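Everything below concerns the one structure shown next.
Counting starts at 1 for both ligands and their atoms, in listed order. Atoms considered below: every heavy atom in the structure, side chains included; atoms not considered: hydrogens, waters and symmetry mates. Because the structure is a prediction, the values reported are computed rather than measured.
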Amino acid sequence: MVDIHCHILPGIDDGSKSWEMTAEMCRVAAQDGITHIVATPHCNDEFDYDRDRYTEMLAELSDAAEGRVGFSLGCDFHFSYDNIQDALTNPRRYTIGDSQYLLVEFSDYALPPTVRQDLLSLASCGMVPVITHPERNQVLLRQQDLVLGMVEQGCLVQVTANAVTGFWGRQSKKMAEWLLQRDTVHVIASDAHDPVRRQPVLSGARDAVAKLVGKEIADALVTLNPAAIVDGQSLPYQPTFR
Ligand SMILES: [Fe+2]
């Protein structure tokens, strides 16, 4: 399996706190059957994003995983005015590896009134926004149809693995299931922050999704589609969005 959203680089955001913790996260992921992880540090008001420095850290990350997991660099890109402007100028500064795919995290308090236009602007600069964890966003939880509109305009949807298995509560689980049943989910990722509480594991979600919508889709969401995203390819499994 391939995990495209993981706060595994130590000491740079609210994810892993040390190389020891990072090594433990690698062990947990490998044990779960994850072969590739995209390290996605936050880029928001609280945490700066230093692409060059994080790229240099990838070699040490490989050592921490003892070669059992491969890595790329991405970014947990907060959808703020400043971030958007910078991404429009430097489209490959925030995307996953050398690909066109950009993780996008919305504020829990409000979406900008220009959200649809802003997403189109990112797309017009060659980026494909991947909306992260809509099932945990307080605005989107109240207005679920907004997610469908974003998919209609070409965005992808990433649901959190442990939202499917209930960690984020009943409302988030219900919305994750609603999106899955409408065939509006492109990828499942861990959004892991540590080796214990918010772990880099996908197998539990894969099994729950298989029960809900079938094994073929479940495997696509944790393996085929995220692998294609890492490689900058179009998605082998295209949700029909009904
Ligand atoms: Fe995240």
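Minimum-distance N/O/S atom of Asp191 relative to the Fe ion (ligand 1): OD1. Within Asp76, the N, O or S atom at minimum distance from the Fe ion (ligand 1) carries the name OD2. The atom name of the N/O/S atom in His7 closest to the Fe ion (ligand 1) is NE2.
The backbone N or O of Pro195 lies less than 3.5 Å from no partner atom in the side chain of Arg27, so there is not a single donor-acceptor pair. A donor-acceptor pair is defined here as one N or O able to donate and one able to accept, closer than 3.5 Å; such a pair exists between the side chain of Thr40 and the backbone of Cys6. A donor-acceptor contact shorter than 3.5 Å is absent between the side chain of Glu177 and the backbone of Val164.
Coordination check, His5 versus the Fe ion (ligand 1): passed, since an N/O/S atom of the residue sits under 2.8 Å. Note on Glu105: not counted as a metal contact of the Fe ion (ligand 1), no N/O/S atom lying under 2.8 Å. At a cut-off of 2.8 Å, His42 is not counted among the residues with an N, O or S atom near the Fe ion (ligand 1).
The aromatic rings of His193 and His42 sit tilted, their planes meeting at an angle between 30° and 60°.
Other residues, nucleotides and ligands contribute more than 12 heavy atoms inside 6.0 Å of the CD atom of Gln238.
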